[in-house]
Protein chains: 2
Amino acid sequence: MSNDTVKIPQATAKRLPLYYRFLKNLHSSGKQRVSSAELSEAVKVDSATIRRDFSYFGALGKKGYGYNVNYLLTFFRKTLDQDELTKVALIGVGNLGTALLHYNFLKNNNTKIAVGFDVEEAKIGTTIGDVPIHHMDELEKIITEMGITVAILTVPAPFAQTITDRLVAANVKGILNFTPARLTVPATTRVHHIDLAVELQSLVYFLKHYGVDEEEE
Amino acid sequence: MSNDTVKIPQATAKRLPLYYRFLKNLHSSGKQRVSSAELSEAVKVDSATIRRDFSYFGALGKKGYGYNVNYLLTFFRKTLDQDELTKVALIGVGNLGTALLHYNFLKNNNTKIAVGFDVEEAKIGTTIGDVPIHHMDELEKIITEMGITVAILTVPAPFAQTITDRLVAANVKGILNFTPARLTVPATTRVHHIDLAVELQSLVYFLKHYGVDEEEE
DNA sequence: AATTTATTGTGAAGATAATAACAATATTTT
DNA sequence: AAAATATTGTTATTATCTTCACAATAAATT
């Protein structure tokens, strides 16, 4: 982990990719400058929060003017390491896994699913999009060879922990977990959960029990 | 919105479906009682946080004993309205939409995708799983007829806002948004985002810039 | 029935995050 | 070049969330 700047709050860090994406949009639509108020409207984050977020990286804007789109974009590209391609492994090529293979992560982020793994013989040796699918038995060998340290986990829940253990042993440091299982990992590995059923159910709960007054992340 | 109990913190509300799922697991494995410490190990949430979360609903446990699994389960089933089926519309039957159609939300939550919409003629009139796919032109008509107020949005980003406007006009109150677009909605509509590219990119960012010491939600 | 043990529920403290508000100041207009 | 305007960066404030720590007390053991 490079610790070039002061450590950024997690809430801020999670918004950075979002800012980056909208700055790219602005840039390609030819916009030269942008204020925190405009950006706020686009990304639905309070303008004071945006200014605060940016301020962790120093004074990026100019008073009375706003932010130079090009400058900001260049700055965030470096900060988010967009010049360096991050290769990711996809574990479990079922319905969801296949959908993710077709999802173009590369377009907005310099992240690419470089390899997939499954146990179903019909899939082994094929290519989905341009991603080769290998047998799960080769997991350790191939991701080690490819130097992959980030994995997306889309296997059936009962296999999630076992495969996680193998990923950890193979030096994977980050797991995007789409299974409902809550994974046990060492402190050196980071897991982000995307729990589809929980997301849907908590949305329903909010609708029934809360007055709705704004969206939230 | 029913406001039967005191308003629960949002962070707590988001964890309720998770607790519910694990309680179901415990129950079906025959467990009679559980402590906050055990539950903590399973769901990876601090035990004090679990006790605090539960305490918003009153004193559900017994000192020196823990919680009765069956009692908790019954309580949460009511609280999460699990006895009442929530029908959901899926807008956009592409790769991701199709994967979600095959995802069994019903298993753990009383939530079901009841209808899908797309513009591709080949899909109209077919059934995926047991879910009928209709033309997008019929959106308002059908979801109004079916009394649906929750939608999952998996259309290409450029169409997201237009379709959202139509959903809102057709009385949809909750949207689970898988598109990268940040939607503009009235204060009476709630949007939850699942932004796959942002999730992946922020995971990569955390790996590079932070010492990893625990997982987080 | 007395003692030990386990575990809750919660007050207090701490940590993190969001927002308001405004002085400072760069840009734009006159 | 002076005045008016726009907008940042940040200090202060408030809100939300997490965790510690422990008295209270129910259950289990002796």
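Chain naming here is simple, since letters A, B, ... match the order of the sequence lines and numbering starts at 1 in each. Note that the structure is predicted; figures quoted are calculated from it, not measured.
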> When you measure from the side-chain N and O atoms of B:Thr49 to the phosphate of D:dT18, is any distance below 4.0 Å, counting only OP1 and OP2?
no

> Given atom CG of A:Leu60 and atom C1' of D:dG9, what is their separation to the nearest angstrom?
11 Å

> Give the rounded distance in Å between these two atoms: CD1 of B:Ile50 and P of D:dC20.
13 Å

> Output the rounded distance in Å from OH (A:Tyr56) to P (D:dT10).
11 Å

> Determine whether a donor-acceptor pair (N or O, by modelled atom type, separation under 3.5 Å) exists between the side chain of A:Ser35 and the backbone of A:Glu38.
yes

> What is the distance, rounded to the nearest whole Å, between atom NZ of A:Lys7 and atom P of C:dT16?
11 Å

> Starting at CD of B:Gln10 and ending at P of C:dA18, how long is that distance when rounded to a whole Å?
12 Å

> In whole angstrom, what separates B:Lys63's NZ from D:dA27's C1'?
14 Å

> In terms of the nearest nucleotide of DNA chain C, which residue is placed more toward the 5' end: A:Gly64 or A:Asp53?
A:Asp53

> Once you round to the nearest 0.5 Å, how far does CG of B:Leu39 lie from CD1 of B:Ile50?
4.5 Å

> Is B:Arg33 close enough to D:dA28 that one of its side-chain N or O atoms is under 4.0 Å from OP1 or OP2 there?
yes

> Can you tell me if A:Gln161 uses its side chain to pair, donor with acceptor, with the backbone of A:Leu183 under 3.5 Å?
no

> Could you state the atom-to-atom distance from CZ of A:Arg51 to C1' of D:dT11 in whole Å?
13 Å

> Between D:dT19, D:dT8, D:dC17, which nucleotide gets closest to the side-chain atoms of B:Pro9?
D:dC17

> Of all the choices, C:dT8, C:dA20, C:dA18, which nucleotide is nearest to the side chain of A:Ala11 once you look at every atom?
C:dA18

> Could you tell me how far apart A:Tyr67 (OH) and C:dA26 (C1') are, to the nearest whole angstrom?
13 Å

> Given the structure, check if the side chain of A:Arg52 and the base of C:dT19 hold any donor-acceptor pair shorter than 3.5 Å.
yes

> Test the B:Arg33-B:Tyr65 pair against the cation-pi criterion, namely NZ or CZ under 6.0 angstrom from the six-membered ring centroid and within 45° of the ring axis.
yes

> At 4.0 Å (heavy atoms only), tell me whether A:Ser36 reaches a base, stays on the sugar-phosphate, or touches nothing.
sugar-phosphate

> Would A:Phe76 and A:Phe22 count as a ring-ring contact (aromatic ring centres under 6.0 Å, His included) if you check the C-alpha gap in whole Å, the side-chain angles of each, and the deciding distance to 0.1 Å?
CA-CA 11 Å; A:Phe76 277 118; A:Phe22 276 85; over 10 Å; no

> With nearest nucleotides of DNA chain D determined for A:Gly61 and B:Lys62 from heavy-atom distances, which residue corresponds to the more 5′ nucleotide?
A:Gly61

> Looking at B:Thr154 and B:Leu96, would you say the former's side chain and the latter's main chain have a donor-acceptor pair under 3.5 Å?
no

> Pick base, sugar-phosphate or nothing for B:Thr12, based on heavy-atom distances below 4.0 Å to the nucleic acid.
nothing

> Pairs counted as Watson-Crick or G-U wobble with both distances under 3.5 Å: what dot-bracket string results for DNA chain D, using | for bases tied to another strand?
||||||||||||||||||||||||||||||

> Hey, what's the ring geometry for B:Phe105 with B:Tyr103, parallel, tilted or perpendicular (30° and 60° as the breaks)?
tilted

